[in-house]
*Asks:* 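Below are the structure tokens for one structure; questions will follow.
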Amino acid sequence: MLLRTEPRIRESEVTDKSLWLDRRRFLALGAAGAVAASAWPARSAPLAGLVKSPYRVDETPTSLKDVTHYNNFYEFGTDKSDPAQMAPSYFGKPPKPWMVTVSGECGKPGSVSYDDLIKPHALEERIYRLRCVEAWSMVIPWVGVPLAEVLKRFEPNSKAKYVEFTTLVDPDRFPGQRVAMLDWPYVEGLRLDEAMHPLALLAVGLYGEELLPQNGAPIRLVVPWKYGFKSIKSIVGIRFADKPVRTTWMKAGPREYGYYANVNPQVDHPRWSQASERRIGEFRRRETLPFNGYAEQVAGLYSGMDLAVNF
Ligand SMILES: Nc1nc2c(c(=O)[nH]1)N[C@H]1C(S)=C(S)[C@@H](COP(=O)(O)O)O[C@H]1N2
Ligand SMILES: [Mo]
């Protein structure tokens with residue numbers, strides 16, 4: 001059973017940039033300000049009509065507070081706390097309508113709005129493990145639609161062997177993009193059969209509500225058997241391709257971050273072991289599971305491949 005751990009406050013109460021940039025001034029506002037501060041994070045609209053998917057791990061979900069305050073989203077900065085701090089002030093509401101451009105090897109390319117992309121599908125709640133390449137993990141109750149169902153509507157052709165995803169570039173919204181920290185835009189990719197696997201999710205929410213900016217609003221990928229960096233946020237581009245893309249992290253460190261990035265306790269990162277992980281909110285480390293615990297479902301995608309070479 002999932003409990004809402006944070007009270008809800010209206011978005012209009014939290015959009016004043018200065019409130020978020022200066023906590024002390026915020027608190028100095030007195031009682032009203034203090035109430036709003038304790039109500040952080042602002043929650044967004046609840047998502048109606050969720051179908052509970054059988055894809056749910058029987059492990060305690062990470063708190064909403066941690067899921068929304070301990071983030072990797074370099075477009076907002078490199079500290080774990082940057083996305084939650086910067087997102088409300090700089091991102092505010094994502095541009096409306098949010099458009100996604102679908103291109104490449106498919107029968108029906110074009111630009112579609114968020115509504116046209118998502119609304120034809122039933123929203124599912126799925127509880128997945130998320131394992132970051134940095135050796136920490138969470139359990140997150142996502143809301144989303146199967147990626148395969150969305151991709152099929154664009155009719156990938158016989159040359160489509162890979163799918164490439166791109167994050168919005170907008171340095172006005174993403175202060176991290178004013179610095180060449182990574183080669184923007186953030187780009188990720190999957191083999192088409194990986195993208196079509198039923199576990200691959202296009203997420204639009206978590207904990208029953210729309211995604212907050214720090215988690216990749218309004219739409220992001222969730223590929224639970226791969227390291228978290230494959231789960232690209234704030235997607236504006238989907239391209240079907242005959243070749244794998246050179247991803248952002250492959251460019252940043254080709255020896256450290258491979259295209260496949262399957263969670264693999266036997267292949268260490270050059271700078272640390274991947275054999276165990278710290279579950280956020282827990283004290284002891286736990287063993288990392290092959291394919292993040294989803295081996296039964298996905299190992300077949302890689303039969304015959306040397307996963308130490310294709311890391
Ligand atoms: N565009 C973009 N997507 C991104 C990242 C990023 O920096 N930029 N970080 C990735 C990493 S390293 C992880 S672990 C997950 C974290 O997702 P979460 O903050 O929602 O838990 O997002 C991934 N998606
Ligand atoms: Mo990550």
Side-chain angles (χ1 to χ4, degrees), residues 71-80 82-83 103-105 129-137 147 159-169 171 174 176-195 197 200 216 220-278 288-292 294-295 298-299 301-311:
N71 300 102
N72 274 333
F73 199 169
Y74 278 24
E75 283 83 342
F76 284 125
T78 53
D79 284 353
K80 295 289 180 283
D82 283 341
S103 62
E105 301 294 345
R129 298 179 201 92
L130 175 90
R131 169 60 156 83
C132 178
V133 72
E134 297 161 341
W136 53 264
S137 66
L147 177 62
K159 285 195 220 145
K161 303 284 185 228
Y162 297 87
V163 200
E164 180 183 320
F165 301 88
T166 309
T167 295
L168 174 72
V169 177
F174 289 138
Q177 288 179 340
R178 295 171 205 158
V179 186
M181 173 64 56
L182 291 173
D183 185 13
W184 315 114
Y186 194 104
V187 172
E188 260 306 336
L190 297 171
R191 232 170 46 195
L192 189 66
D193 60 338
E194 298 178 313
H197 191 280
R220 57 93 54 86
L221 203 61
V222 179
V223 193
W225 69 95
K226 293 177 178 284
Y227 290 122
F229 66 83
K230 299 296 287 185
S231 292
I232 181 174
K233 295 176 170 178
S234 302
I235 294 168
V236 293
I238 298 177
R239 193 172 71 89
F240 295 99
D242 58 352
K243 290 185 203 62
V245 66
R246 219 166 139 243
T247 67
T248 300
W249 283 106
M250 289 167 77
K251 289 186 210 164
R255 294 187 321 106
E256 306 193 2
Y257 309 104
Y259 184 82
Y260 283 94
N262 290 311
V263 174
N264 190 338
Q266 282 160 6
V267 176
D268 286 338
H269 187 279
R271 290 182 279 139
W272 57 84
S273 165
Q274 294 291 27
S276 70
E277 66 200 56
R278 185 171 65 94
T288 288
L289 303 172
F291 298 104
N292 202 22
Y294 300 97
V298 302
L301 291 170
Y302 311 101
S303 56
M305 280 176 63
D306 182 344
L307 296 176
V309 177
N310 297 285
F311 64 92

*Asks:* Would one find more than 12 heavy atoms of other residues, nucleotides or ligands at under 6.0 Å from atom CE of Met181?
*Replies:* no
*Asks:* List for me each residue that meets side chain to side chain contact (heavy atoms under 4.5 Å, CB included) alongside Ser103, sequence neighbours excluded, and say none if there are none.
*Replies:* Arg239
*Asks:* Centres of the Tyr186 and Tyr74 rings: under 6.0 Å?
*Replies:* no
*Asks:* With a 4.5 Å cut-off on side-chain heavy atoms, are Val263 and Leu289 touching?
*Replies:* no
*Asks:* So, using ring pair (Phe, Tyr, Trp, His ring centres under 6.0 Å) as the criterion, who are the partners of Tyr257 when residues are at least two apart?
*Replies:* Phe229, Trp249, His269
*Asks:* Side-chain contact test, heavy atoms from C-beta onward, threshold under 4.5 Å: evaluate it for Ser231 versus Arg220 and give yes or no.
*Replies:* yes
*Asks:* Contact between Leu221 and Lys230 at the side-chain level, heavy atoms closer than 4.5 Å - yes or no?
*Replies:* no
*Asks:* Given side chain to side chain contact (heavy atoms under 4.5 Å, CB included), test Glu164 with Leu190 step by step and report yes or no.
*Replies:* CA-CA 7 Å; Glu164 180 183 320; Leu190 297 171; over 6 Å; no
*Asks:* Run the side chain to side chain contact (heavy atoms under 4.5 Å, CB included) test against Val236 and tell me which residues pass, sequence neighbours left out.
*Replies:* Trp98, Leu168
*Asks:* Distance alone, cut at 3.5 Å: any donor-acceptor contact between the side chains of Thr288 and Gln274?
*Replies:* no
*Asks:* Tyr227: which residues meet the ring pair (Phe, Tyr, Trp, His ring centres under 6.0 Å) condition with it, sequence neighbours left out?
*Replies:* none
*Asks:* For a 4.5 angstrom cut-off between non-hydrogen side-chain atoms, does Ser137 reach Cys132?
*Replies:* no
*Asks:* Side chain to side chain contact (heavy atoms under 4.5 Å, CB included), that's the test. Do Phe311 and Val309 meet it? Break it down for me.
*Replies:* CA-CA 6 Å; Phe311 64 92; Val309 177; over 6 Å; no
*Asks:* Is the side chain of Asn292 donor-acceptor paired with the backbone N or O of Pro224 at a distance under 3.5 Å, no angle test?
*Replies:* yes
*Asks:* Answer yes or no: does atom CZ of Arg255 have more than 12 heavy-atom neighbours from other residues, nucleotides or ligands under 6.0 Å?
*Replies:* no
*Asks:* List the residues meeting ring pair (Phe, Tyr, Trp, His ring centres under 6.0 Å) with Trp136, not counting sequence neighbours, and say none if there are none.
*Replies:* Tyr70
*Asks:* Within the side chain of Asp306, is there an N or O that forms a donor-acceptor pair under 3.5 Å with the backbone of Ala308?
*Replies:* yes
*Asks:* Which residues satisfy the ring pair (Phe, Tyr, Trp, His ring centres under 6.0 Å) test with Phe240, sequence neighbours excluded?
*Replies:* none
*Asks:* Quick check for you: to the nearest 0.5 Å, what is the distance between Met250 atom CE and Asp183 atom CG?
*Replies:* 13.0 Å
*Asks:* Is the shortest side-chain N to carboxylate O distance from Glu105 to Lys161 below 4.0 Å?
*Replies:* no
*Asks:* Any donor-acceptor pair under 3.5 Å linking the side chain of Asn264 with the backbone of Gln266?
*Replies:* yes
*Asks:* Heavy atoms, side chains only, cut-off 4.5 Å: are Leu307 and Tyr260 in contact?
*Replies:* no
*Asks:* Can you find a heavy atom in the side chain of Glu194 that is under 4.5 Å from one in the side chain of Leu147?
*Replies:* no
*Asks:* Any heavy-atom pair between the side chains of Val187 and Val245 that's under 4.5 Å?
*Replies:* yes
*Asks:* Exactly one of Tyr294, Trp225, Phe291 should register a ring pair (Phe, Tyr, Trp, His ring centres under 6.0 Å) with His197. Which one does?
*Replies:* Trp225
*Asks:* Just do the side chain to side chain contact (heavy atoms under 4.5 Å, CB included) check on Thr167 and Glu75 with the steps written out, would you?
*Replies:* CA-CA 9 Å; Thr167 295; Glu75 283 83 342; 3.4 Å; yes
*Asks:* Within the side chain of Arg191, is there an N or O that forms a donor-acceptor pair under 3.5 Å with the backbone of Leu301?
*Replies:* yes
*Asks:* Cut-off 3.5 Å, side chains only: do Asn72 and Lys80 have a donor facing an acceptor?
*Replies:* yes
